[in-house]
Amino acid sequence: MRFFREKSSFYRFMILMTLAVAAGLAFSSTKTGKSIDGLILDRMAPLLGSPRKAQKAMVILIGEADYEAAQTPLALWGIHLADLLNRIEPGRPEAVGLDLILPQFPLNSFTENHDKGLLKTLNKLSKKCRLVSGYAVEPGGEIKEPFILYQKLLGPKGYGFLNVTPDADGVCRRQALTYLPDSGDRSLYAFSWLLSGVSGQAPPETMPDWRNPDLIPTLTFQQALKADPAEFRDKIVIIGFDFEFEDRHFTPASQRNEPGAITQARVVESLKRGSLLSAPPWPVSLLSPALLMVFLTLLLTERATLFRVIFWGTGMLFLSGAVMIICLVKGIVIRPSAAMTGIVAVCSGRLIQGYMAVKNTFGRYVSREVRDEILSGRIPLDGEMKEVTVLFADLRDFTPMVASTPPKDVVNIINRYFEEMAEAIRQHKGLVLQYIGDEIEAVFGAPVPAPDHRRLAVRAAISMRSRLRVVNQRLVQAGYKPLRHGIGIHTGAVLAGNIGARDRVAYSLVGDTVNLASRIQGLNKQFGTDILISAETKAGMDESIPVQELPPTAVKGKTVKVVIFEVL
């Protein structure tokens, strides 16, 4: 590519790439960026699979109605819990998980034989299957561990933290499985990890396969008390609460927030089945896609026209989504927010770069219409053959004035002249290409096509004549000699485009048409005229403009005499 051969372009490429990737990473680290990543996952994952019935996990939900019927405070639920556990135990479940925090103090003082009955039931069940209870880790790191007797009964692998792991937008897409408290004396494990019974070292976190979310069978407390114990055989039974006011969470699989016990069951089922999504660390899931997409976008928008930037920018946004989907099909979660933000940053930078290129190339000597056409991307600037009308204007006897006038005054005079002439050219849809000393080169019909470029050029010359009279009135009033100029106009084919060395490029015209227009301008001295046009220009100009044909005249570089006309 050309930019690799141009050091300055390569540096601009790398700077823009670095800024775009940095912008993407910065946005993806915000709450909004993380929410967008999660929302895209939530919308894409269901399209790649379908829900499936859980093989192991089963949930028993204790609802508000059960409490009202039992007329029992929450802390005293152990009496009724024992009845439920005694119903489950004969069915020989694989494991039983208590998604609730057992009391932290003896309750015999409230209800006689409460602790003895519950401990006896828990002890009996623990010998028949894996029994796991839970505790909460407070925001400050404080652990609400079970009562010491429960700890002794359940053992170190019999209770884990119940905290779920919501993302920034409150949706539980993954679950932390290990936690190292500030004391650092031991690692804590999640309730769902211990309940699953999966062997080996627990990973830091896991993500269920949301492409095929599990349908968790549920029973109410009353249904469970009446159920056939065989219904619990080889199941991992999770007992939890179904309250509207607490422990409810959103997941990609739920249309509304669901009880925490079901969220725990989804993690347990995924761990048992091995149906997990891989969430690589951020250099892979976030940085790598951003680098790739930003690099490709920069390559494809190297020539920054509005159409090209919008077309390829939109295409790369879709490609980012496609990459995420392809990875998700393979079970890999990619976060596209950084890549998408980087693409938008690149496109914005390219548009600014294109605007600056137009500004640097055409300066302030381009009409609003010409500017808008160029920035729209409809005007090719890399070279094309066009039929145009070229205008040259040159001041007469200006050199002696320079010698006899203070430099500052000369600059003010010439600038005032150029401003008036450039305005006349702009008003007639022309473009000032360059100022050469006291000479102006302008073009009509490029870069923006104009079918009537001949008429426009001649009308611009007549306007320049009128504006020169106004300029001279002010000069005479200031005590200076009036200015005189000669204008030459010719129509023909030229090569138009950005031309120059790598450190300076300008929109220029190349061809015999340019040379002949300059020669015709010079003939004004010979005939004592101020506006001369060629026959090619007259052929398409406004008939209402009076002209007078002059004798065919020889010009340098031409073997055939040129037919010219004076604009009266």
Side-chain angles (χ1 to χ4, degrees), residues 51-62 81-102 118-135 146 150-162 164 175 177-178 188-203 206-209 212-221 223-242 253 258-276:
R52 56 190 174 188
K53 185 177 180 180
Q55 296 176 349
K56 284 287 186 180
M58 171 183 284
V59 172
I60 298 174
L61 292 174
I62 302 170
L81 178 62
D83 295 337
L84 179 60
L85 296 178
N86 285 326
R87 188 70 177 182
I88 296 172
E89 180 264 326
R92 295 186 177 277
E94 177 183 327
V96 174
L98 305 178
D99 185 16
L100 45 85
I101 299 174
L102 294 173
L118 180 57
L119 286 171
K120 182 178 179 181
T121 301
L122 292 174
N123 183 54
K124 180 182 176 183
L125 184 61
S126 66
K127 294 178 180 179
K128 298 290 184 65
C129 68
R130 190 166 58 256
L131 178 62
V132 181
S133 181
Y135 57 87
Y150 297 132
Q151 295 186 43
K152 197 167 184 181
L153 173 65
L154 298 173
K157 294 185 179 180
Y159 56 97
F161 60 84
L162 293 169
V164 296
Q175 173 62 45
L177 299 181
T178 61
L188 306 180
Y189 297 97
F191 167 82
S192 53
W193 169 256
L194 297 174
L195 186 59
S196 69
V198 176
S199 60
Q201 181 64 35
T206 190
M207 180 180 290
D209 188 353
N212 305 105
D214 294 297
L215 297 174
I216 307 297
T218 61
L219 295 173
T220 65
F221 173 72
Q223 289 173 336
L225 282 179
K226 299 175 183 178
D228 184 348
E231 192 170 346
F232 306 113
R233 184 175 300 277
D234 297 328
K235 297 293 184 180
I236 297 179
V237 182
I238 301 176
I239 303 172
F241 300 123
D242 185 15
E258 60 188 14
I262 295 180
T263 304
Q264 299 285 2
R266 294 189 187 282
V267 178
V268 170
E269 181 70 19
S270 296
L271 289 170
K272 290 293 290 185
R273 195 198 297 263
S275 55
L276 304 171

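Keep in mind the model is a prediction, meaning the values are calculated, not measured. When a residue number appears, it is its place in the shown sequence, counting from 1.
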If you measure from [atom1] on [X] to [atom2] on [Y], what distance do you get to the nearest 0.5 Å?
{"X": "Leu131", "Y": "Ser126", "atom1": "CG", "atom2": "OG", "value": "6.0 Å"}
{"X": "Tyr159", "Y": "Leu98", "atom1": "OH", "atom2": "CG", "value": "14.0 Å"}
{"X": "Lys128", "Y": "Leu125", "atom1": "NZ", "atom2": "CG", "value": "8.5 Å"}
{"X": "Leu177", "Y": "Tyr189", "atom1": "CG", "atom2": "OH", "value": "10.5 Å"}
{"X": "Asp242", "Y": "Thr220", "atom1": "CG", "atom2": "OG1", "value": "9.5 Å"}
{"X": "Ile88", "Y": "Asp83", "atom1": "CD1", "atom2": "CG", "value": "11.0 Å"}

Taking the side chain as every heavy atom from C-beta outward, state whether [X] and [Y] have any atom pair closer than 4.5 Å.
{"X": "Gln55", "Y": "Lys272", "result": "no"}
{"X": "Ile236", "Y": "Pro93", "result": "no"}
{"X": "Trp193", "Y": "Pro203", "result": "yes"}
{"X": "Phe241", "Y": "Leu61", "result": "no"}
{"X": "Leu276", "Y": "Met207", "result": "no"}
{"X": "Ile60", "Y": "Thr218", "result": "no"}

Does [X] use its side chain to pair, donor to acceptor, with the backbone of [Y] at less than 3.5 Å?
{"X": "Gln264", "Y": "Leu162", "result": "yes"}
{"X": "Asn86", "Y": "Ala82", "result": "yes"}
{"X": "Arg92", "Y": "Arg233", "result": "no"}
{"X": "Arg130", "Y": "Leu195", "result": "yes"}

Closest heavy-atom pair and its distance - [X], [Y]:
{"X": "Phe232", "Y": "Val237", "answer": "CD2-CG2, 4.0 Å"}
{"X": "Gln175", "Y": "Val164", "answer": "OE1-CA, 3.3 Å"}
{"X": "Leu84", "Y": "Ala224", "answer": "CD1-CB, 3.5 Å"}
{"X": "Ala265", "Y": "Ile216", "answer": "CB-CG2, 3.9 Å"}
{"X": "Pro217", "Y": "Ala54", "answer": "CD-CB, 4.1 Å"}

Item checked: CA sep, side-chain torsions, deciding dist, call: Ile62, Ile239, side-chain contact (heavy atoms from CB on, under 4.5 Å) -> CA-CA 7 Å; Ile62 302 170; Ile239 303 172; 3.8 Å; yes

If the condition is side chain to side chain contact (heavy atoms under 4.5 Å, CB included), which residues does [X] pass it with, not counting sequence neighbours?
{"X": "Glu258", "result": "Thr251, Ser254, Ile262, Thr263, Arg266"}
{"X": "Asp234", "result": "Lys56"}
{"X": "Arg52", "result": "Asp209, Asn212, Asp214, Arg273, Ser275"}
{"X": "Pro208", "result": "Trp210, Val267, Ser270"}

Checklist line | With sequence neighbours excluded, residues passing side chain to side chain donor-acceptor pair (under 3.5 Å) with Lys235 | finding: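 With sequence neighbours excluded, Lys235 shows a side chain to side chain donor-acceptor pair (under 3.5 Å) to no residue whatsoever.
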
Item checked: With Lys157 via salt bridge (charged side-chain N to carboxylate O under 4.0 Å, His left out) - residues at least two apart ->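 Partners of Lys157 by the salt bridge (charged side-chain N to carboxylate O under 4.0 Å, His left out) criterion come out as none, since no residue qualifies.
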
Next item on the list: In sequence, state the C-alpha distance, the side-chain angles, and the governing distance for Val96 and Leu85, and then conclude on side-chain contact (heavy atoms from CB on, under 4.5 Å).
Entry: CA-CA 9 Å; Val96 174; Leu85 296 178; 4.1 Å; yes

Item checked: Residue pair Tyr135, Phe161: steps toward the side-chain contact (heavy atoms from CB on, under 4.5 Å) verdict -> CA-CA 5 Å; Tyr135 57 87; Phe161 60 84; 3.7 Å; yes

Note to self: Applying salt bridge (charged side-chain N to carboxylate O under 4.0 Å, His left out) to Lys127 and Glu89, what does each step give before you reach the verdict?
What the structure shows: CA-CA 10 Å; Lys127 294 178 180 179; Glu89 180 264 326; over 6 Å; no

